[in-house]
Amino acid sequence: MKLTELNERQREAVENLEGPLLVVAGAGSGKTRVLTYRIANLIDQKKARPNEILAVTFTNKAAREMKERVQKILSLPSDQLWVSTFHSSCVKILRREIEVLGTYTPAFTIYDEQDQLSAIKKTLKELNWDEKVIHPRAAQSRISHAKNCGLTPEKFLKKALSSYDEKMAELYKRYQAILQKANALDFDDLLLLTVQLFQKHPNILEKYQNLFKYCLVDEYQDTNHIQYLFMKLLVDKHHNICVVGDEDQSIYSWRGADISNILSFEKDFPKAKVIKLEQNYRSTKNIIEAASAVVSHNKSRKPKKLWTQREEGASLHLVQLEDEYHEARFVVGEISKALEAGISLNQFSIFYRTNAQSRVFEEILRQYTIAYKIYGGMNFYNRSEIKDIMAYFRLLSNPKDDVSFLRIINVPTRGIGKTTVDKIELYSHENNLPFLEAAQKIIQGDTLNAGTAKKILDFIGIIQELRQKKEELNPQALYHAVLDKTQYSHFLKGEDTIESLSRLENLEELDSALGEFVKQKREATLETYLEEISLISDLDSMDENEDHVKLMTLHAAKGLEFPYVFMVGVEEGLFPHSRGELDFEDMEEERRLCYVGMTRAKEALYMSHANSRRIHGSPQYNLPSRFLDEIPEEFVKRIDLRRRVGNRRLSVWAGGAEGEAPSPRPERMRGRTMEGVLRRQDPEGYEWDFDQRVSDNPFSPGIRLRHPHFGSGVICRVEGQEENLKVTIKFDNGAIKKFLATQTQFERI
DNA sequence: CCCTGGTAGTTTTTT
DNA sequence: ACTACCAGGG
Ligand SMILES: Nc1ncnc2c1ncn2[C@@H]1O[C@H](COP(=O)(O)OP(=O)(O)OP(=O)(O)O)[C@@H](O)[C@H]1O
């Protein structure tokens with residue numbers, strides 16, 4: 001096998017096949033490439049057959065690409081390889097083995113986050129607990145976190161520190177019982193149950209230990225405890241494990257990722273060989289230096305070298321704008337100009353901290369008729385109309401799936417309301433029956449009036465009829481049967497709104513997706529379809545070559561690379577994201593996220609921030625992010641586009657003038673400024689008088705004030721308007737407090 | 001008993 | 001923007 005595409009250190013990592021190996025290295029240093037070649041080499045050296053290698057990646061897309069690369073290197077088919085995410089690997093194992101746990105069958109349903117929430121609400125109802133006391137979302141995150149740490153309800157209870165924790169433990173226990181009755185596993189269960197399976201059944205563990213002769217993990221810095229256990233168990237016999245990662249790219253601690261997995265790898269495997277890669281092959285010198293400078297502000301970090309042979313490249317562009325619309329128009333304007341200079345759209349990406357920020361970009365990109373795609377956020381399979389159909393599918397596949405039952409019992413509306421559903425729920429609870437069965441029984445008694453009973457009978461009739469068809473129809477045909485029986489499209493057509501029209505379009509897309517699935521798969525059953533969609537996201541279908549601008553969150557950008565990157569909304573409060581004060585660890589994680597984002601760029605990087613933006617409709621005024629100040633001046637060019645348009649500067653695109661491209665049509669008049677004065681617009685659609693007004697205003701970020709009790713401090717955030725105007729002040733003694741501006745006597749200093 | 005439309009409070013990041 | 005809750009009409 002040729003290893004010419006590797007440097008010396010990489011080659012070392014690819015050739016040392018036996019025993020534990022840790023590759024730690026900065027961004028873009030070729031870690032993923034090492035993993036790929038190592039897999040190829042294992043097969044080439046006949047150390048293992050493809051099906052004896054387990055490689056875990058962070059996304060399905062990364063897995064797919066890795067398989068393709070291996071196939072290319074070896075010119076051998078790679079479909080036998082176990083290259084997938086932790087979750088997919090676990091599903092594969094559980095489908096074969098779960099029966100021995102005695103509590104689930106292999107046809108289990110996988111609950112996503114929404115289903116999980118709905119199951120938690122159902123649990124709360126059964127327990128008769130108030131959703132205002134136990135917040136379903138909070139409960140969801142506690143339970144998920146517990147599972148990610150490998151805690152069963154019992155162990156969770158033992159660790160409880162308060163009566164609130166004890167309640168959570170009780171909820172967790174009941175929630176788990178409800179999932180079990182529904183033969184459903186949530187995302188976290190996929191891992192937790194696999195590990196439990198291994199622990200309780202050594203014979204099964206041994207089977208997989210013997211099967212997987214070599215294991216590899218990408219992005220090891222973002223694995224959580226249960227994933228760690230899973231791997232540790234699997235390689236316990238032979239220690240043939242290779243992990244690659246970068247502490248500076250650990251950005252999922254909120255999901256239970258534990259950086260100590262990578263930090264203590266050498267303790268776990270004392271014989272471990274450690275290889276460091278230091279050469280970056282991705283980005284220009286300016287980008288690498290700037291990103292390294294930012295992340296070096298993290299205190300809890302070992303210094304690390306990263307260098308490149310590449311040229312300095314363009315300066316980073318730090319752009320200051322008036323508001324989020326100006327920001328979007330600026331970004332899109334730059335893309336248009338580049339387009340004219342002959343650069344194609346697939347070279348660009350826009351990264352933001354929160355999904356909500358994509359909306360404005362979407363609006364402006366449409367105005368400019370520039371092709372784009374938003375990855376993540378609202379997944380195709382998460383749209384309500386699609387989820388409705390999927391809920392029918394799931395109920396057909398698993399009649400005990402109560403969450404799906406609840407979703408569709410009255411969709412399309414068939415006159416079965418809350419009161420009736422409550423009765424079914426109660427009956428189900430008292431008689432320990434799934435909802436569907438409870439509904440069947442309850443209409444035989446006299447709990448319900450005749451009209452309501454008839455409606456339920458009709459619904460049950462539809463389900464039963466479809467269940468019979470399920471065996472003979474492929475998923476696409478079944479889809480048509482569902483639409484036909486439920487009159488779902490008819491129901492949408494009746495609404496006749498823009499919204500419902502787009503829903504109908506989505507249904508057509510689903511139809512063709514199903515058609516595609518049926519054509520592609522040899523075994524196109526309802527179950528295989530449901531499994532496929534439950535673990536994929538639209539991120540996984542990304543194709544670099546497709547000619548459109550790609551928009552995504554900074555988190556979703558991990559592991560990717562693009563020639564031109566716009567990182568937007570780089571503002572205090574938004575990025576680093578905070579509501580109130582961030583603790584030290586969270587701040588460092590935000591900074592790592594910034595490092596991840598910056599190091600995705602190969603050629604040019606723009607980072608922009610706006611003076612103000614609307615959050616939930618009310619204006620917020622943010623200071624530039626501290627991360628911008630952490631980039632040494634020598635690498636940046638600052639561009640201030642707040643006031644007027646006339647600033648002509650050279651663009652990175654040969655010769656063009658910089659600044660916002662004129663709007664294709666005048667922007668509609670928007671809300672009021674803080675003083676309630678309508679903003680003026682000049683004929684070209686630029687707002688130019690904003691700046692003075694803000695600085696005249698007693699409350700804007702950066703202004704120093706004295707508070708009668710707390711002393712002096714600086715405004716770091718302003719939100720709301722008029723009598724609801726709130727200011728967040730960071731006092732000189734370090735305290736951060738929020739005040740209603742009208743209720744407090746401040747003195748300007 | 002159900003449905004609709006209005007209002008109020010609020011969400012970071014995702015396999 | 002998205003959900004949760006309430007009032008009032010059918
Ligand atoms: N030895 C090499 N010679 C030339 N190019 C390389 C070499 N190794 C890696 N590259 C290229 O460098 C880029 C980054 O590689 P890769 O994605 O493997 O890095 P990584 O360390 O996984 O990055 P990150 O941690 O930032 O996701 C890719 O475009 C890859 O093709």
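Basis for what follows: all heavy atoms, side chains included, without hydrogens, waters or symmetry-related copies. Order of the sequence lines sets the chain letters (A, B, ...), proteins ahead of strands, with each chain counted from 1. Computed from a predicted model, the values in this text were never measured in an experiment.
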Can you figure out which of [options] approaches the side chain of [X] most closely?
| X | options | result |
| --- | --- | --- |
| A/T413 | C/dA1, B/dC3, B/dT13 | B/dC3 |
| A/K423 | B/dT14, B/dT11, B/dC1 | B/dC1 |
| A/H616 | B/dT14, B/dC1, C/dA1 | C/dA1 |
| A/K132 | C/dC5, B/dT13, B/dC3 | C/dC5 |
| A/E590 | B/dT12, C/dA1, B/dT14 | B/dT12 |
| A/N355 | B/dC3, B/dT14, B/dT15 | B/dT14 |
| A/H555 | B/dT15, B/dC3, B/dT14 | B/dT14 |
| A/K121 | C/dT3, B/dT13, B/dT15 | C/dT3 |
| A/R359 | B/dT14, C/dA1, B/dT15 | C/dA1 |

Is the gap between the ring centers of [X] and [Y] under 6.0 Å?
| X | Y | value |
| --- | --- | --- |
| A/Y172 | A/Y175 | no |
| A/H297 | A/F627 | no |
| A/W254 | A/H555 | yes |
| A/Y228 | A/F86 | no |
| A/F361 | A/F566 | no |

Interatomic distance, [X] [atom1] vs [N] [atom2] [rounded to whole Å]:
| X | N | atom1 | atom2 | answer |
| --- | --- | --- | --- | --- |
| A/K125 | C/dA4 | NZ | P | 12 Å |
| A/K61 | B/dT15 | NZ | P | 12 Å |
| A/L582 | B/dT12 | CG | C1' | 11 Å |
| A/Q114 | B/dT15 | CD | P | 14 Å |
| A/Q357 | B/dT13 | CD | P | 9 Å |
| A/F380 | B/dT14 | CZ | P | 19 Å |
| A/N382 | B/dT13 | CG | P | 13 Å |
| A/K454 | B/dC1 | NZ | P | 19 Å |

For [X], report the nucleic acid contact type (base, sugar-phosphate, nothing); a contact means any heavy atom under 4.0 Å.
| X | result |
| --- | --- |
| A/N410 | sugar-phosphate |
| A/F58 | sugar-phosphate |
| A/Y252 | sugar-phosphate |
| A/E131 | nothing |
| A/R137 | nothing |

More 5' along DNA chain B: A/L535 or A/T419, using each one's nearest nucleotide?
A/T419
Start at the 5' end of DNA chain B and walk down; is the nucleotide closest to A/L448 or to A/G376 reached first?
A/L448
So with a 6.0 Å cut-off around NZ of A/K125, is the heavy-atom count from everything else above 12?
yes
Short side-chain donor-acceptor distance under 3.5 Å, A/D401 and A/Y111
yes
Any side-chain N or O of A/R579 under 4.0 Å from OP1/OP2 of B/dT11?
yes
For a quick test of reading the model: is some side-chain N or O of A/T553 closer than 4.0 Å to OP1 or OP2 of B/dT14?
yes
Could you say whether the aromatic ring of A/H577 and the base of B/dT12 stack, counting only centre distances under 5.5 Å and plane angles under 30°?
yes
Hey, is A/W254 doing a stacking thing with B/dT12, by the 5.5 Å centroid and 30° angle criteria?
no
